[in-house]
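Each chain gets a letter, A, B and so on, in the order the sequences are listed, and its residues count up from 1. As the structure is a computational prediction, the values presented were derived from the model and not from experiment. Computed from heavy atoms alone, side chains included, the values below leave out hydrogens, waters and symmetry copies.
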Protein chains: 2
Amino acid sequence: MCHQCNYEELLSNAKLSATNNRIRVLEVVGNNSFPLSAKDIFNTLERNSSINRVTVYRILDLLVDHGVVERISTGGRAFYYGLAPNSHHEPHPHFYCMNCGQMDCLSPESLTVDMDDFIKTFPGQIEKMEVRIDGICKNCGNKQ
Amino acid sequence: MCHQCNYEELLSNAKLSATNNRIRVLEVVGNNSFPLSAKDIFNTLERNSSINRVTVYRILDLLVDHGVVERISTGGRAFYYGLAPNSHHEPHPHFYCMNCGQMDCLSPESLTVDMDDFIKTFPGQIEKMEVRIDGICKNCGNKQ
DNA sequence: CGTACGATGTAACATAATTGCATTTAGTGA
DNA sequence: TCACTAAATGCAATTATGTTACATCGTACG
């Protein structure tokens, strides 16, 4: 999602040591303009040099815990991962293609959500909001 | 979510025969004011009389396909199920407690989403929109 | 009746993610 | 430099959730 981000800096800001594997995972997540599944990320990394599937899961968990990466639920069974919102990236909604599983980022302005009233009155603690559109993407629609 | 709904009627409207198991599943889904996981539904049904886990999954799939029940993704690994929006039930956002897994329905007005522009310009086919807040519910927050 | 088809049960399988434990790596002080 | 420690990674097994294949049951209809 970002070529302005320095991945080692993102890690050190999050108080995480910049191991080779962490940087590799973060590069894959960050250099894509759309979120990927753990499997996508693993497969991409394996093409270059070996890494363990579990290591990928663990690094993703760690990055999510430290707010570097965002875990996004889909209309399917696997989570997808993208860079967490930060000064360069506003929170934004996603589109999930129920046919091919491709997930796309939508522009922050495409869907405006007013949650001011909600925040004022909700008795629990709010961590994040997720807005997702499910449907059939342009490509899959054309094929049918 | 609804005591105004006649479950046999919902089934026949969806052109589904009203088998005992379908009615039982739909009662559990419909009589709760919050969405449940397939496991929750199965456990509840098993308390009364025997039903197979797979049957529950199949009935839920069927009801989702026919628009009677809505499949809702959570911040966790399992899907949750609630009555699909209909004349008695507007679409509405949900709150998911990352600690206890409880999912609650929020009022349709609590979060207003303007997607008019998006619908006009998006090149794919839109099936549904999901808005979910993740956080810690009041109960879990008090315990900590 | 009997037959045909939809509904259900059962076991096996598939997928995504997690856990336990062994091994490797990197950093730190003697 | 070496030894020690803690963190990071690898590997195998396990868990959680959901799906498939196929057998059986039940019911509507000729």
Set of residues satisfying ring-ring contact (aromatic ring centres under 6.0 Å, His included) with respect to A:F95, sequence neighbours excluded: B:F122
Enumerate, atom names and distances included, each donor-acceptor pair closer than 3.5 Å involving a side-chain atom of residues 50-57 of chain B, sequence neighbours excluded.
residue: B:N52; atom: OD1; partner: B:V54; partner atom: N; Å: 2.8

Where chain A begins and ends its contact with DNA chain D, read 5' to 3' at 4.0 Å from heavy atoms: D:dA8 to D:dG18
Contacts of type side chain to side chain contact (heavy atoms under 4.5 Å, CB included), residue B:S17, not counting sequence neighbours: B:T19, B:R22
Show me the donor-acceptor pairs, under 3.5 Å and distance only, between side chains in residues 127-137 of chain A and residues at least two apart or in other chains.
residue: A:K128; atom: NZ; partner: A:R71; partner atom: O; Å: 2.8
residue: A:K128; atom: NZ; partner: A:E130; partner atom: OE1; Å: 3.3
residue: A:E130; atom: OE1; partner: B:R132; partner atom: NH2; Å: 2.9
residue: A:E130; atom: OE2; partner: A:S73; partner atom: N; Å: 3.2
residue: A:E130; atom: OE2; partner: A:S73; partner atom: OG; Å: 2.7
residue: A:R132; atom: NE; partner: A:D134; partner atom: OD1; Å: 2.7
residue: A:R132; atom: NH1; partner: A:S73; partner atom: O; Å: 3.2
residue: A:R132; atom: NH1; partner: B:S73; partner atom: OG; Å: 3.0
residue: A:R132; atom: NH2; partner: A:D134; partner atom: OD2; Å: 2.9
residue: A:R132; atom: NH2; partner: B:E130; partner atom: OE1; Å: 3.0

Student check: side-chain heavy atoms of A:S33 and A:C105 closer than 4.5 Å: no
Beyond-backbone contact of B:Y81 with B:V25, side-chain heavy atoms, under 4.5 angstrom: no
Atom pair NE2 (B:H94) and CD1 (B:I72), whose distance is rounded to the nearest 0.5 Å: 3.5 Å
Nearest-nucleotide comparison on DNA chain C, the residue closer to the 5′ end among A:A38 and B:I59: B:I59
For DNA chain C, the residues among residues 40-56 of chain A that have a non-hydrogen atom under 4.0 Å from it: A:R53, A:V54
Whole angstrom value for the distance that separates C1' of C:dA7 from CG of B:D61: 14 Å
Five-pair end axes of the helix from C:dC1-D:dG30 to C:dA30-D:dT1 and the angle they enclose, rounded to 10°: 10°
Euclidean distance, atom CG of residue A:L62 to atom C1' of C:dA17 [Å, nearest integer]: 16 Å
Check: A:L83 and A:C5 side chains under 4.5 Å, non-hydrogen atoms: yes
Non-neighbouring partners of A:P91 that pass side chain to side chain contact (heavy atoms under 4.5 Å, CB included), sequence neighbours left out: A:P85
Side chain to side chain donor-acceptor pair (under 3.5 Å) pairs, two or more places apart, involving residues 37-48 of chain A: A:S37-A:D40
Presence of donor-acceptor pair under 3.5 Å, side chain of B:R77 and base of C:dA16: yes
Qualifying residues under side chain to side chain contact (heavy atoms under 4.5 Å, CB included), relative to A:I23, sequence neighbours excluded: A:E8, A:L11, A:A18, A:E27
For atom NZ of A:K39 and atom P of C:dA17, their distance in whole Å: 10 Å
Residues from residues 15-28 of chain A lying under 4.0 Å of DNA chain D - heavy atoms: A:S17, A:T19, A:N21, A:R22
Test item: A:N32 side-chain N/O and A:F34 main-chain N/O as donor-acceptor pair under 3.5 Å: no
Listed once per pair and sorted, the salt bridge (Lys or Arg N to Asp or Glu O under 4.0 Å) pairs that draw on residues 86-113 of chain B, sequence neighbours left out: none
B:R58 side-chain proximity, nearest of C:dA17, C:dT10, C:dG20: C:dT10
Separation of C:dA7 P from B:L63 CG (nearest whole Å): 11 Å
